[in-house]
Amino acid sequence: MRRYGKHTDEDDIRSRPNRRGNRPRTHIRPKHEDAAEGLVLTVDRGRLTCLVEDRTVLAMKARELGRKAAVVGDRVALVGDLSGAKDTLARIVRIEERTSVLRRTADDDDPYERVVVANADQLAIVTALADPEPRPRLIDRCLVAAFDGGLTPFLVLTKSDLAPPDQLLELYGDLDIPYVVTSREELENGDAADRVRAELDGKVTAFVGHSGVGKTTLVNALVPEERRRTTGHVNAVTGRGRHTTTSALALPLAGGRGWVVDTPGVRSFGLAHIDPSRVIHAFPDLEAGTEDCPRACSHDEPDCALDDWVAEGHADPARLYSLRRLLATRERTEGD
């Protein structure tokens with residue numbers, strides 16, 4: 001039944017009274033042009049600690065951002081109380097465009113994507129040479145995530161006093177990835193921190209690794225004034241460490257010469273979010289050879305043009321092997 005006639009005007013339209021007496025909702029959002037710039041240092045149960053100029057400010061996400069969440073490393077715009085005083089709370093009203101994103105899923109069947117850190121320049125993949133044993137498949141997965149997200153990877157191999165690094169380094173020699181090898185003694189006397197610090201100068205570096213490899217111990221050595229609790233022991237049965245870093249945390253290097261992002265220890269690194277077609281971008285010396293590939297070529301199939309292109313001498317065959325090994329990583333379980 002029609003409430004109004006065929007020819008209605010504004011006077012015929014009833015408006016529902018606003019019982020609360022407040023302003024009606026609008027889709028027009030404020031621009032917050034006077035908002036202050038900040039850097040997200042850590043996130044804890046919906047509260048974000050941000051660096052605004054030279055002080056830390058506790059903030060929460062504004063409702064107008066909807067489902068968009070800020071993560072460690074995000075550049076954000078804040079309004080409200082920016083004093084950083086106790087019991088004050090600011091609002092994050094804008095998340096700036098990201099230059100890189102490190103993402104993972106719980107496993108390869110999990111559709112829920114987790115952003116680990118934003119705007120990092122490089123990814124330090126920390127693995128022990130023994131106690132616990134190295135897991136090359138997990139390293140491969142971290143490499144794929146780094147290449148896909150726009151981060152430059154490098155390897156940090158710890159506990160070289162327990163096992164030599166040669167065999168593991170041989171696996172990644174064709175990828176031409178920088179690496180640093182450290183021992184427990186070098187971690188204690190500071191020599192390891194000095195060599196790793198040389199790779200961090202002027203960059204934002206996310207550290208990732210499974211529990212018990214000495215990742216947080218290394219971070220503590222790099223940023224001694226920002227000590228984090230270290231892993232107490234490695235389980236003798238599972239060979240895995242006990243989680244002690246429970247949230248990602250950005251820490252400044254001395255002299256403002258870069259940032260270290262310590263992340264929680266991982267036991268899986270799913271790649272459900274990775275589009276295999278993007279992995280080729282990490283191999284610019286091979287990318288030119290894909291022009292004659294069949295449509296939607298995975299670069300790991302019989303008709304791939306890369307085989308003939310490499311055979312003609314345009315690139316090192318070892319590089320094609322490395323590409324295909326990384327592409328196959330998504331199809332394998334991390335324990336293989």
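Position 1 is the first residue of the sequence; numbering continues from there.
Closest of all the heavy-atom pairs between Asp307 and Pro302 is OD2-O, 4.4 Å. Nearest heavy-atom pair, Asn119 versus Val204, reported as atom, atom and distance to 0.1 Å: O-CB, 4.0 Å. When every heavy atom of Pro132 is checked against every heavy atom of Ser211, the shortest pair comes out as CG-O, 3.9 Å. The two residues Ile125 and Pro153 have their closest heavy-atom pair at CD1-CB, 4.4 Å. When all heavy atoms are compared, the tightest approach of Leu155 to Ile139 is CD2-CG2, 3.9 Å. Heavy-atom minimum distance, Val208 versus Cys142: CG1-SG, 4.1 Å.
Side-chain heavy atoms closer than 4.5 Å link hydrophobic residues (I, L, V, M, F, W, Y) into clusters, and following such links, even through other members, never connects Met60 to Ile92. Leu143 and Leu157 fall within the same hydrophobic cluster, where Ile, Leu, Val, Met, Phe, Trp and Tyr residues are linked whenever their side-chain heavy atoms come under 4.5 Å apart, directly or through other members. The same ILVMFWY cluster, assembled from side-chain heavy atoms under 4.5 Å apart, contains both Leu320 and Leu171. Leu306 and Phe147 fall within the same hydrophobic cluster, defined by Ile, Leu, Val, Met, Phe, Trp and Tyr side-chain heavy atoms under 4.5 Å apart, directly or through other members. Linking ILVMFWY residues whenever their side-chain heavy atoms come closer than 4.5 Å, directly or via other members, places Val52 and Ile95 in the same cluster.
Every salt bridge (Lys or Arg N to Asp or Glu O under 4.0 Å) that Glu96 has, sequence neighbours left out, goes to Arg94. Contacts of Ala305 classified as side chain to side chain contact (heavy atoms under 4.5 Å, CB included), with partners at least two apart in sequence or in another chain: Asp292, Cys293. Applying the side chain to side chain contact (heavy atoms under 4.5 Å, CB included) rule to Asp300 yields the partners Ser298, Arg324, Leu327; only residues at least two apart in sequence or on another chain are considered.
Expressed to the nearest 0.5 Å, how far CD1 of Ile280 lies from CG of Leu323 amounts to 4.5 Å. Between the CG atom of Leu123 and the OG1 atom of Thr152 there is a distance of 9.5 Å, given to the nearest 0.5 Å. We find the CG-CZ distance between Asp176 and Arg319 to be 7.0 Å, quoted to the nearest 0.5 Å. Rounding to the nearest 0.5 Å gives a distance of 12.0 Å between CG of Leu65 and CZ of Arg63.
Looking only at side-chain heavy atoms (C-beta outward), Arg103 and Asp148 come within less than 4.5 Å of each other. A 4.5 Å side-chain heavy-atom check between Leu102 and Val261 finds every atom pair outside the cut-off. For the pair Thr182/Ser160, no side-chain contact is recorded, criterion being any heavy-atom separation below 4.5 Å from C-beta on. Counting heavy atoms from C-beta on, the side chains of Phe207 and Leu251 never come closer than 4.5 Å. Side-chain contact check for Val71 versus Val117: every heavy-atom pair is 4.5 Å or farther apart. For the pair Arg91 and Glu64, the minimum side-chain heavy-atom distance is below 4.5 Å.
Counting only residues at least two apart or on different chains, the salt bridge (Lys or Arg N to Asp or Glu O under 4.0 Å) pairs with a member in residues 195-204 are Glu186-Arg195, Asp194-Arg197, Asp201-Arg257. Applying the salt bridge (Lys or Arg N to Asp or Glu O under 4.0 Å) test to pairs two or more places apart or on separate chains, those with a residue in residues 69-83 are Asp74-Arg98.
Although no hydrogens or angles enter the test, the distance criterion places no donor-acceptor pair under 3.5 Å between the side chain of Thr127 and the main chain of Pro134. Arg55 places a side-chain N or O within donor-acceptor distance of the main-chain N or O of Leu82, the cut-off being under 3.5 Å. Using a distance-only test at 3.5 Å, with no hydrogens or angles considered, no donor-acceptor pair links the side chain of Lys215 to the main chain of Pro264. Between the side chain of Lys159 and the main chain of Gly214, no donor-acceptor pair closer than 3.5 Å is present. Side-chain N or O atoms of Tyr172 include one that pairs as donor or acceptor with a backbone N or O of Pro136 at under 3.5 Å. In this structure, the side chain of Thr205 does not engage the main chain of Val260 through any donor-acceptor pair within 3.5 Å.
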Does the pair Leu222 and Leu218 meet the rule for a side chain to side chain contact (heavy atoms under 4.5 Å, CB included), with working shown?
CA-CA 6 Å; Leu222 290 167; Leu218 176 60; 4.2 Å; yes

Carefully, step by step, assess Val196 and Leu200 under the rule side chain to side chain contact (heavy atoms under 4.5 Å, CB included).
CA-CA 7 Å; Val196 173; Leu200 313 181; 4.2 Å; yes

Begin from the C-alpha positions of Arg184 and Leu162 and carry the test side chain to side chain contact (heavy atoms under 4.5 Å, CB included) through to its verdict.
CA-CA 9 Å; Arg184 290 185 293 187; Leu162 302 181; 3.2 Å; yes

Which is it for Val223 and Leu253 under the side chain to side chain contact (heavy atoms under 4.5 Å, CB included) test, yes or no, and what are the steps along the way?
CA-CA 6 Å; Val223 195; Leu253 290 169; 4.1 Å; yes

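Around atom CD of Glu312, more than 12 heavy atoms belonging to other residues, nucleotides or ligands sit under 6.0 Å away. Within a 6.0 Å radius of CZ in Phe154, other residues, nucleotides and ligands contribute more than 12 heavy atoms. With a 6.0 Å radius and a threshold of 12 heavy atoms from other residues, nucleotides or ligands, Glu185 has its CD atom at or below the threshold.
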Do any side-chain atoms of residues 37-51 form donor-acceptor pairs under 3.5 angstrom with protein atoms, and if so which ones, sequence neighbours left out?
from, atom 1, to, atom 2, distance (Å)
Thr42, OG1, Ala248, O, 2.8

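Relative ring orientation between His314 and Trp309 is described as parallel, the plane-to-plane angle staying below 30° on a 0-90° scale split at 30° and 60°.
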